Amino acid sequence: MNTKLIAPSMLAADFGNLQRDTEMVNNSDADWFHIDIMDGHFVPNISYGMPVIAAIKKHATKPLDVHLMIEQPERYIEEFAKVGADIITVHYESTVHLHRTLRQIKDAGCKAGIVLNITTPINVLEDILPECYMILLMSINPGFGGQKFEEVTYQRIKKLRQMIDAQGLDTRIEIDGGVTDKNIEKLVAAGADTFVAGSHVFKSDDPTDTIAHLKTLANQ
Ligand code: DX5
Ligand code: ZN
């Protein structure tokens, strides 16, 4: 079983205090920075781009987990690697030649993963799984933080866990959207091991404490 990791989503950080919030994550029990990139085409929202990633990277002492919600992500992989991405995940729904895109991510020196929207069947991963460091299952419709967790996620995790185990792999299962201290234990029980949390962390009174609590619950 993989160790459980917590990846606070910087989408919910205070961009006027980016260095402060980056250092908060550095000094917390968090494992990665989750970086949400939205292009206004693949999802109906625009987040931030290369200069902001570079600004976070300048202060970050933990890996950057870059989640690309953009059409044809293959156009920008090398640039994301250059500004500091350590892990890059691309949506199954966003690129035609997924196998080539994953190779491109690895050739750029990063770990590669695939993201599935809520209604994309788990079984599309069957043949490509050995190429993936991680699978990110969306537990909301991508585009915005602060949305309600979709319950269908539990059965999707179980299916993916079975597929990973059947192939004898140690692929990470990351969950993104509406993760809180109320559902993280159930997500672990279903078979997930990596957790993004945006608003639950940054809108709390004590983000450092909230991260520590999530980490403790996940590792019980
Ligand atoms: C949404 C992003 C998420 C988002 C999660 O498209 O992929 O990473 O920041 O935010 P919360 O944890 O608030 O649901
Ligand atoms: Zn994300």
Side-chain angles (χ1 to χ4, degrees), residues 1-7 9 31-32 34-38 42-44 65-74 77 87-106 110-145 147-180 182-198 200 214 217-218:
M1 202 55 179
N2 285 324
T3 50
K4 312 297 183 295
L5 306 181
I6 306 294
S9 170
D31 298 279
W32 298 346
H34 186 76
I35 307 288
D36 287 303
I37 306 299
M38 306 176 181
F42 183 71
V43 289
D65 166 32
V66 178
H67 172 196
L68 298 183
M69 287 160 274
I70 66 177
E71 277 175 14
Q72 295 176 274
E74 60 274 14
I77 299 300
I87 302 139
I88 298 180
T89 59
V90 294
H91 273 257
Y92 174 84
E93 306 86 3
S94 70
T95 177
V96 175
H97 300 288
L98 192 53
H99 187 272
R100 180 184 288 151
T101 306
L102 293 179
R103 286 281 164 87
Q104 197 185 343
I105 294 171
K106 289 185 242 181
C110 300
K111 291 186 169 125
I114 298 174
V115 191
L116 296 190
N117 280 336
I118 300 177
T119 54
T120 302
I122 300 294
N123 62 24
V124 299
L125 296 169
E126 185 110 40
D127 297 334
I128 194 83
L129 206 51
E131 294 284 336
C132 300
Y133 167 71
M134 177 164 83
I135 301 297
L136 194 174
L137 296 181
M138 290 308 306
S139 41
I140 53 166
N141 286 302
F144 303 91
Q147 301 183 77
K148 194 179 149 290
F149 176 86
E150 296 290 342
E151 300 285 324
V152 71
T153 305
Y154 296 114
Q155 68 202 54
R156 290 171 58 74
I157 296 171
K158 284 180 194 154
K159 267 191 210 165
L160 178 56
R161 171 53 55 205
Q162 273 174 9
M163 188 188 287
I164 291 169
D165 291 349
Q167 295 193 27
L169 300 169
D170 60 0
T171 322
R172 285 197 166 275
I173 302 181
E174 184 175 50
I175 305 303
D176 186 6
V179 173
T180 70
K182 302 284 182 299
N183 56 22
I184 195 163
E185 289 165 291
K186 209 170 155 193
L187 291 166
V188 169
D193 51 38
T194 309
F195 304 94
V196 177
H200 181 68
L214 287 174
L217 290 173

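For clarity, every value in this text was computed on a predicted model and none was experimentally measured.
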Value for CZ (F149) from CG (D176), rounded to nearest 0.5 Å, stands at 11.0 Å
If I compare all heavy atoms of V196 with all of S9, which pair ends up nearest, and what's the gap?
CG1-CB, 3.8 Å
L68 and I77, any side-chain heavy atoms less than 4.5 Å apart:
yes
What is the minimum heavy-atom distance between R156 and N117, and which atoms define it?
NH2-O, 3.0 Å
What I'd like to find out is whether the side chain of Y133 reaches to under 4.5 Å of the side chain of T171, using heavy atoms alone.
no
Between Q147 (side chain only) and N141 (backbone N and O only), is there a donor and an acceptor less than 3.5 Å apart?
yes
Within this structure, what is the OG1-CD1 distance for the pair T120 and I114, rounded to the nearest 0.5 Å?
11.0 Å
Heavy-atom side-chain contact between L137 and I173 under 4.5 Å
yes
Has the side chain of N2 got a donor or acceptor atom that lies under 3.5 Å from a matching backbone atom of D170?
yes
For D36 and H34, test the side chains for any donor-to-acceptor distance below 3.5 angstrom and give the result as yes or no.
yes
Could you go through the side-chain contact (heavy atoms from CB on, under 4.5 Å) check for E174 and W32 one step at a time?
CA-CA 12 Å; E174 184 175 50; W32 298 346; 3.9 Å; yes
E74 vs Q104 side-chain heavy atoms within contact, under 4.5 Å:
yes
In short, A197 meets L214 closest at the heavy-atom pair CB-CD1, 3.9 Å
So, does K106 use its side chain to make a donor-acceptor pair with the main chain of E131 at under 3.5 Å?
yes
Any chance you could lay out the side-chain contact (heavy atoms from CB on, under 4.5 Å) test for Y154 and L187, step after step, and finish with the verdict?
CA-CA 7 Å; Y154 296 114; L187 291 166; 3.6 Å; yes
What's the separation between atom CD in Q72 and atom OG1 in T95, rounded to the nearest 0.5 Å?
7.5 Å
Is any side-chain heavy atom of E185 less than 4.5 Å from a side-chain heavy atom of V188?
no
Evaluate the side-chain proximity of R172 to T3: yes if any heavy-atom separation is below 4.5 Å, no if none is.
yes
From C132 atom SG to L169 atom CG, the distance as rounded to the nearest 0.5 Å:
9.5 Å
How far does CD1 of I118 sit from OG of S139, to the nearest 0.5 angstrom?
7.0 Å
Q167 side chain to E126 main-chain N or O, any donor-acceptor pair under 3.5 Å?
yes
T89 and L136: which non-hydrogen atoms are nearest, and at how many Å?
OG1-CD1, 4.1 Å
Taking everything shown except N123 itself, do over 12 heavy atoms lie less than 6.0 Å from its CG?
yes
Would you check, one step at a time, whether the test side-chain contact (heavy atoms from CB on, under 4.5 Å) holds for D193 with R161?
CA-CA 10 Å; D193 51 38; R161 171 53 55 205; 3.7 Å; yes
Taking the side chain as C-beta and beyond, is there a heavy-atom pair between M138 and E150 under 4.5 Å?
no
L129 CG to I135 CD1 distance, which is reported to the nearest 0.5 Å
5.5 Å
Between S94 and F42 the two heavy atoms that sit nearest each other are CB-CE1, 3.9 Å
Determine, stepwise, if the pair L116 / V124 fulfils side-chain contact (heavy atoms from CB on, under 4.5 Å).
CA-CA 9 Å; L116 296 190; V124 299; 4.2 Å; yes
Beyond-backbone contact of P142 with H91, side-chain heavy atoms, under 4.5 angstrom:
yes
Identify the two heavy atoms, one from G178 and one from I140, that lie closest to each other, and give their separation to 0.1 Å.
N-CG2, 4.2 Å
Just by distance, do the side chain of N183 and the backbone of T180 share a donor-acceptor pair under 3.5 Å?
yes
